[in-house]
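Below is one structure, written out as structure tokens; comments come after it.
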Amino acid sequence: MKDKIISAADAMRLIGDGDTITTSGFVGIGVPDGLLAALEERFLEKAAPRNLTLLFAAGQGDGKDRGLNRLGHEELLKRVVGGHWGLIPKVARLALEGQIEAYNLPQGVISHLFRDIAAGKPGTLTHVGLGTFVDPRHEGGKINDVTNDDLVTLMKIDRQEKLFYRAFPINVALLRGTTADPAGNVSMEREALVIDNLAQAMAVRNSGGVVIVQVERIAARGALNPRDVILPAALVDAVVVAKPEHHMQTYATPYSHLFAGQFRAPAGATKPMALDARKIIARRAAFELPVNGVVNLGIGMPEGVAAVAAEEGILDHVTLTAEPGVIGGQPASGLDFGAAVNTDAIIPQNAQFDFYDGGGLDLAVLGMAEVDRAGDVNVSRFGTRLAGAGGFINISQNARRVVFTGTFTAGGLAIDLADGTLTIGQEGRAKKFLQQVQQITFSGGGAAAQGKPVLYVTERAVFDLKTEGIRLIEIAPGVDIDADIIAHMGFRPLIGEVGEMDPRIFQDGPMDLKNDLLHLDLEDRIALSEDKSLLFINFEKLRIRDNNDLERIYARVVKLCDPLDARVDAIANYDGARIDEDIEDAYAEMVNGLEDRYYKTVTRYSSSAFMRMKLGQTFTRDRAPHIFETAGEARDFLKGPQA
């Protein structure tokens with residue numbers, strides 16, 4: 001068999017003018033920096049190759065010089081089709097100045113496109129991107145005016161709108177692994193991710209192209225366990241051994257056994273975040289974490305949710321994921337983003353997006369750069385900055401619930417915390433809540449039409465999405481609605497009954513969120529009076545989310561009431577409580593069943609007029625639901641002749 005190990009310089013001679021190339025990587029993970037450096041060096045010395053088309057899914061760079069920034073030269077690139085541009089400013093500059101043809105398509109779509117090109121399909125057909133800037137009725141994913149070719153087409157399948165992303169041959173793949181044998185079998189045991197390497201290699205091989213793989217070491221022929229081989233020799237044309245500085249595990253970490261899954265980090269290994277605006281936002285978002293649910297955390301502000309979950313001891317009760325293929329554990333942040341510790345599994349990126357696109361996510365926590373009155377969100381392009389959508393469109397469009405996170409204003413914002421209250425020390429220079437976003441990365445109107453629950457969480461206010469637009473629902477302690485919120489928005493939001501963000505969010509120390517999410521305190525919340533004639537139900541600030549919550553509540557009431565010889569009066573406190581809309585009917589059915597079985601008279605109270613209205617709608621039956629504003633009124637009713 002042919003020995004496929006060659007030098008980086010020789011490998012670059014396999015790339016010709018006008019070729020279409022694809023590269024592996026996610027931020028700084030799995031990026032073939034040795035090959036990219038060699039390609040840049042050849043172009044600067046020989047002015048070859050020229051007029052390349054570059055196709056990549058995830059962002060690959062450090063925001064400065066590494067990764068795809070090495071290719072940011074005029075005449076080296078002719079066209080770029082990419083998912084996330086924020087970490088490759090040198091290439092983004094060429095796109096913004098119209099020096100190259102340029103497209104921004106959803107990361108998950110490009111990930112699937114590799115697979116479809118490998119399978120000889122004409123392209124990728126999906127709902128992902130409808131209603132966003134990728135939709136050809138808007139911008140078609142084109143970044144500048146010199147980009148004329150239509151890669152995205154609107155189609156109807158069974159009277160449903162779909163987007164078709166056209167496939168095209170790929171001539172060269174620049175990929176990365178850990179160990180290769182001389183025949184070209186490649187394993188990835190020291191890599192933090194496997195990403196799309198196999199699909200990319202197959203796509204190039206079946207396009208008649210060349211697959212070049214960067215590795216850090218060579219093993220004897222036949223020494224690799226076949227179950228460890230990610231890229232079989234039949235798909236690999238050349239292997240290049242990289243210098244250590246070009247083969248860091250991430251752009252922040254040369255190598256970590258934890259990221260490679262060799263060991264597990266002990267509990268408490270991560271230091272708690274400092275209490276600042278970032279942590280406040282992450283804490284409020286963490287209140288939305290679904291117990292036993294699957295969650296995606298985006299890059300940037302959402303990364304803090306993982307740290308909060310670790311501090312609160314709830315990582316074992318939720319499955320956190322990241323789009324390059326991380327399932328479980330605690331995702332890393334910064335230039336380590338994409339890696340994770342204590343994971344359950346690392347799967348290919350395209351398989352992760354299969355799960356995401358099909359609706360597998362219970363919750364997505366994502367960033368937001370701009371929000372408008374319709375609830376549209378822009379994270380992809382603002383002013384002279386081209387960030388790109390990355391996986392944001394796939395994730396936000398398909399998750400069952402979405403929480404967008406970010407500071408209320410940008411650029412110089414400073415906050416002060418004292419005695420559990422928040423004040424604005426210095427306002428940010430730029431408004432983030434605008435009359436209209438510059439580019440639609442998430443369609444608020446489309447989400448509202450589907451009835452998707454959406455929150456917008458900042459350090460001082462929380463909004464939700466209604467069909468009429470976004471609505472203010474919570475403010476931080478110490479914040480003035482008019483002076484600190486409305487005055488710094490480009491529009492006036494809907495304002496109903498506004499509650500206060502949980503005061504624990506603004507105080508140092510753990511919030512005891514585990515009790516809140518797991519309802520470990522139900523024994524204290526549901527109890528009998530000493531004479532066992534009165535059942536106290538305290539749902540203050542409790543959130544009832546799903547059937548698991550219903551089962552816990554039901555079991556507690558049955559345990560207390562079933563041994564009794566007589567029915568009891570019940571008094572329920574719903575102050576600050578929340579019953580998710582999709583569980584309201586099941587909750588009412590459960591409560592009505594308990595009432596028929598155990599209760600003589602039931603009174604409920606809440607200081608919230610909105611909650612009283614909701615309870616009235618939920619419990620309307622043949623008899624009045626008896627809902628009061630205060631505990632005293634509820635108790636007085638039980639003492640009256642009606643009891």
Side-chain angles (χ1 to χ4, degrees), residues 24-31 33 57-69 83-90 92 107 176 190-193 195 245-261 265 268-283 285-286 295-311 315 320-326 328-343 346 349 364-369 379 385 387-392 395 404-407 410-411 413 459:
S24 65
F26 183 94
V27 186
I29 300 169
V31 182
D33 265 307
Q60 302 160 29
D62 60 355
K64 297 176 182 178
D65 301 310
R66 290 183 286 186
L68 294 179
N69 289 294
H84 189 272
W85 291 70
L87 296 168
I88 54 170
K90 292 187 176 182
Q107 178 180 329
R176 175 173 137 162
R190 286 168 60 89
E191 302 295 315
L193 300 167
I195 330 178
E245 62 267 28
H246 288 154
H247 206 96
M248 293 176 63
Q249 193 179 44
T250 79
Y251 282 150
T253 303
Y255 178 74
S256 166
H257 292 287
L258 300 176
F259 290 163
T270 304
K271 292 183 178 180
M273 299 169 64
L275 186 58
D276 54 12
R278 180 185 177 90
K279 185 170 185 177
I280 288 169
I281 294 167
R283 279 180 151 187
V295 179
N296 170 270
L297 299 180
I299 194 169
M301 191 67 71
E303 297 168 8
V305 177
V308 170
E311 181 182 357
L315 281 177
L320 302 182
T321 70
E323 58 265 34
V326 170
Q330 182 176 350
S333 60
L335 288 178
D336 283 331
F337 183 69
V341 301
N342 300 349
T343 59
I346 300 293
Q349 179 171 253
V365 183
L366 303 169
M368 58 183 183
V379 299
R385 184 183 174 194
F392 184 96
I395 296 163
F404 295 111
T405 57
T407 55
L413 172 67
E459 80 288 347

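Computed from heavy atoms alone, side chains included, the values below leave out hydrogens, waters and symmetry copies. In this text, all values refer to a predicted model and were calculated from it rather than measured experimentally.
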Please give me the minimum heavy-atom distance between A306 and L315, naming the atom from each residue.
O-CD2, 4.3 Å
To the nearest 0.5 Å, what is the distance between NE2 (H84) and CG (L68)?
12.5 Å
Student check: side-chain heavy atoms of E323 and I395 closer than 4.5 Å:
yes
CG (L366) and CD1 (I299) are apart, to the nearest 0.5 Å, by 11.5 Å
Side chain to side chain contact (heavy atoms under 4.5 Å, CB included) involving N69 - partner list, sequence neighbours excluded:
D62, I88, P89, K90
Could you tell me whether a side-chain N or O of R278 sits under 3.5 Å from a main-chain N or O of G300, the two making a donor and an acceptor?
yes
OG1 (T250) and CD1 (I29) are apart, to the nearest 0.5 Å, by 6.0 Å
Do D33 and E245 have side-chain heavy atoms sitting under 4.5 Å apart?
no
K279 versus P272, closest heavy-atom pair with distance
NZ-CB, 4.3 Å
Taking every heavy atom of L193 against every heavy atom of P324, the minimum-distance pair comes out as CD1-CB, 3.6 Å
Shortest non-hydrogen contact from H246 to R176?
O-NH1, 4.1 Å
For G67, does its backbone N or O pair with a side-chain atom of Y251 as donor and acceptor, under 3.5 Å?
yes
Can you tell me how far apart CD1 (I195) and CZ (F26) are? Round to the nearest 0.5 Å.
8.5 Å
Side chain to side chain contact (heavy atoms under 4.5 Å, CB included) against V379, all qualifying residues, sequence neighbours excluded
V377, F392, T441
Is T321 reaching over with its side chain to a backbone N or O of V295, donor-acceptor style, under 3.5 angstrom?
yes
Ring centres of H257 and F259 under 6.0 Å apart?
no
Please give me the minimum heavy-atom distance between G334 and E303, naming the atom from each residue.
N-OE1, 3.1 Å
Sidechain-backbone polar pair: Q249 side chain, R190 backbone, donor-acceptor under 3.5 Å:
yes
In short, D336 meets A252 closest at the heavy-atom pair OD1-CB, 3.4 Å
To the closest 0.5 Å, what do you measure between CE (M273) and CD (E311)?
9.0 Å
For a 4.5 angstrom cut-off between non-hydrogen side-chain atoms, does V326 reach L320?
no
Could you give the distance from OH (Y255) to CD (E191), rounded to the nearest 0.5 Å?
9.5 Å
Heavy-atom side-chain contact between M301 and M368 under 4.5 Å
no
